[in-house]
Asks: 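Okay, here's the structure, questions in a sec.
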Amino acid sequence: MARISAPVAAVRQAVRAALGGLPRGARVLVACSGGADSLALAAATAFVAPRFGLEAGLVTVDHGLQEGSAERAARVAAWGRVTGFDPVEVATVEVAGPGGPEAAARSARYAALDDAALRWDAVAVLLGHTRDDQAETVLLALARGAGPRGLAGMPARRGRLLRPLLGVPRADTRKACAALGLSPWEDPHNADFAYARSRVRGQALPALVAALGPAVVDNLARTAELLAADTAALDALAATALAAARTEKGLSVAALAALDPAVRSRVLHAWARELGAPGGALSQKHVAALDALVVCWHGQGAAHLPGGAAVARRKGLLVRVESDPL
Ligand SMILES: Nc1ncnc2c1ncn2[C@@H]1O[C@H](COP(=O)(O)OP(=O)(O)OP(=O)(O)O)[C@@H](O)[C@H]1O
């Protein structure tokens with residue numbers, strides 16, 4: 001057998017680890033932009049999936065935002081077909097929605113990937129985020145004052161979404177593509193310093209590496225891993241505590257007051273989500289207002305949540321109310 005280069009082996013090993021537990025005969029889809037990360041991921045999946053008895057398909061999303069985006073998508077799809085992926089799909093999406101164009105493109109992309117997974121009955125959708133993407137995510141989260149959930153970065157698995165390359169340096173995906181003779185697409189957005197992530201990638205992280213040494217990238221990614229484990233443990237405690245505090249009419253104030261503040265804030269966050277508050281809009285300020293109804297009670301009015309729900313304290317319970325009675 002011909003010897004394979006170390007970066008090709010590293011990417012394949014990461015994909016093996018991610019696909020290892022899936023049932024034989026199941027289908028996975030690779031989300032491939034044609035960039036180095038997802039191209040290396042796709043090449044490794046085409047190699048690993050048949051050896052695990054898995055079907056592998058490929059989806060490339062055309063956001064229609066850049067000149068030549070349809071040609072890029074067609075090139076990726078053509079490569080996917082000759083590489084043996086089946087099905088191969090170009091998902092054309094319309095980017096319009098809340099937030100900036102970056103956020104709107106992301107939600108349109110994830111919706112299209114979810115839709116493809118449902119239609120093709122795929123058990124997993126593979127994304128090409130690398131260790132460097134994770135380090136950037138942690139740095140961005142630190143800069144906006146995020147709590148542990150934000151510092152935990154991107155999860156390796158959430159529902160159907162898998163990120164097999166979170167432990168693989170970005171440099172390795174480029175080297176793997178070069179070793180396999182693949183020419184990745186260069187996303188012009190990555191060089192556009194109008195985007196915060198591009199500035200972190202092009203300026204902030206290189207400055208940190210220059211000041212503190214190259215281990216900083218690995219260390220930031222490791223911080224995410226450690227916090228992900230802690231966050232999962234606290235979330236499990238909070239789920240149990242939420243069930244215990246629940247009554248037919250609302251949440252027991254006495255049960256909430258007895259909780260550790262770190263668990264209580266998670267219980268209140270989870271409950272606010274149940275009441276319809278959208279995750280992106282629900283901030284620490286809203287959770288603190290709910291918390292004040294429990295621990296700083298002075299007869300104050302209802303706490304208002306994004307999404308329209310309001311919560312008041314009545315007869316030892318936190319209850320949903322239609323509007324602030326004050
Ligand atoms: N046009 C696309 N078609 C298919 N998959 C894509 C496309 N763009 C991105 N992806 C998938 O998403 C991964 C991350 O891409 P990128 O870093 O460009 O997105 P992002 O905006 O940072 O997304 P996220 O918010 O998830 O971090 C890619 O490795 C690839 O798997």
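Remember, it's 1-based here, ligands and their atoms both numbered in the order they're listed.
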Asks: Mark the output for H63 as yes if a heavy-atom distance to ligand 1 is under 4.0 Å, and as no if none is.
Replies: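 Under 4.0 Å: yes for H63.
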Asks: Are any of the side-chain heavy atoms of P188 and Q66 separated by less than 4.5 Å?
Replies: yes
Asks: In ligand 1, which numbered atoms sit nearer than 4.0 Å to a non-hydrogen atom of Y110?
Replies: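 Under 4.0 Å from Y110, ligand 1 has these atoms: 24 (P), 26 (O).
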Asks: Does any non-hydrogen side-chain atom of L139 lie less than 4.5 Å from one of E136?
Replies: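 A side-chain contact is absent here, since even the closest heavy-atom pair is not under 4.5 Å.
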Asks: When you measure from atom 8 (N) of ligand 1 to the protein, is at least one non-hydrogen atom found at a distance under 4.0 Å?
Replies: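 Protein heavy atoms within 4.0 Å of atom 8 (N) of ligand 1 - there is at least one.
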Asks: Within a distance under 4.0 Å of any heavy atom of R72, pick out the atoms of ligand 1 and give their elements.
Replies: 1 (N)
Asks: With a sphere of 6.0 Å drawn around CZ of R158, does it hold more than 12 non-hydrogen atoms of other residues, nucleotides or ligands?
Replies: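 No, the 6.0 Å shell around CZ holds no more than 12 heavy atoms from other groups.
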Asks: Regarding R131 and Q134, is there a side-chain donor-to-acceptor distance under 3.5 Å anywhere?
Replies: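 Their side chains do not contain a donor-acceptor pair, so the 3.5 Å distance test is not met.
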Asks: Would you say ligand 1 has an N or O under 3.5 Å from any N or O of R201?
Replies: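 N/O-N/O distance below 3.5 Å does not exist for this pair.
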Asks: Which atom names give the shortest non-hydrogen contact between R27 and P87, and what distance separates them?
Replies: NE-CD, 3.8 Å
Asks: Please write down residue, atom name and distance for the protein heavy atom closest to atom 28 (C) of ligand 1.
Replies: G128 N, 3.8 Å
Asks: Can you confirm whether R314 sits close enough to V321 that some side-chain heavy atom of one is under 4.5 Å from a side-chain heavy atom of the other?
Replies: yes
Asks: Both conditions, 6.0 Å and 45 degrees, for the charged tip of R12 above the ring of F47: are they met here?
Replies: yes
Asks: Below 4.0 angstrom from a heavy atom of L127, which ligand 1 atoms are there? Numbered from 1 as shown, please.
Replies: 11 (C), 12 (O), 31 (O)
Asks: Compute whether any side-chain donor of one residue and acceptor of the other, for R163 and T130, lie under 3.5 angstrom apart.
Replies: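 R163 vs T130: no donor-acceptor pair found between side chains.
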Asks: Only heavy atoms count here, so choose which of V61, N190, L29, T130 is nearest to atom 3 (N) of ligand 1.
Replies: V61
Asks: Looking only at protein heavy atoms, which one is nearest to atom 25 (O) of ligand 1, and what is the separation?
Replies: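 In this structure, atom 25 (O) of ligand 1 has R106 NE, 2.2 Å as its nearest protein heavy atom.
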Asks: Under 3.5 Å between any N/O of H129 and any N/O of ligand 1: does that happen in this structure?
Replies: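 Yes: some nitrogen or oxygen of H129 is under 3.5 Å from one in ligand 1.
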Asks: Looking only at protein heavy atoms, which one is nearest to atom 31 (O) of ligand 1, and how far off is it?
Replies: A31 O, 2.7 Å
Asks: At a 4.0 Å threshold, what atoms of ligand 1 neighbour a non-hydrogen atom of T60?
Replies: 3 (N), 4 (C)
Asks: Quick one: do the S69 and D62 side chains pair a donor with an acceptor below 3.5 Å?
Replies: yes
Asks: Do any nitrogen or oxygen atoms of L113 lie less than 3.5 angstrom from nitrogen or oxygen atoms of ligand 1?
Replies: no
Asks: If we count only N and O atoms by modelled type, under 3.5 Å, do the side chains of E55 and W120 hold a donor and an acceptor together?
Replies: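 No pair is found: no donor N or O on one side chain lies under 3.5 Å from an acceptor on the other.
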Asks: Which heavy atom of A116 sits nearest to which heavy atom of E89, and what is that distance?
Replies: CB-OE1, 4.0 Å
Asks: With only distance considered, is R109 within less than 3.5 Å of ligand 1 through an N or O on each side?
Replies: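 Yes, since at least one N or O of R109 sits under 3.5 Å from an N or O of ligand 1.
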Asks: With a cut-off of 4.0 Å, which atoms of ligand 1 are near a heavy atom of C32?
Replies: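 With C32 as reference, the close atoms of ligand 1 come out as 3 (N), 4 (C), 5 (N).
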Asks: Going by distance only, is there an N or O of D133 that falls short of 3.5 Å from an N or O of ligand 1?
Replies: no
Asks: Side chain or backbone, does V59 bring an N or O within less than 3.5 Å of an N or O on ligand 1?
Replies: no
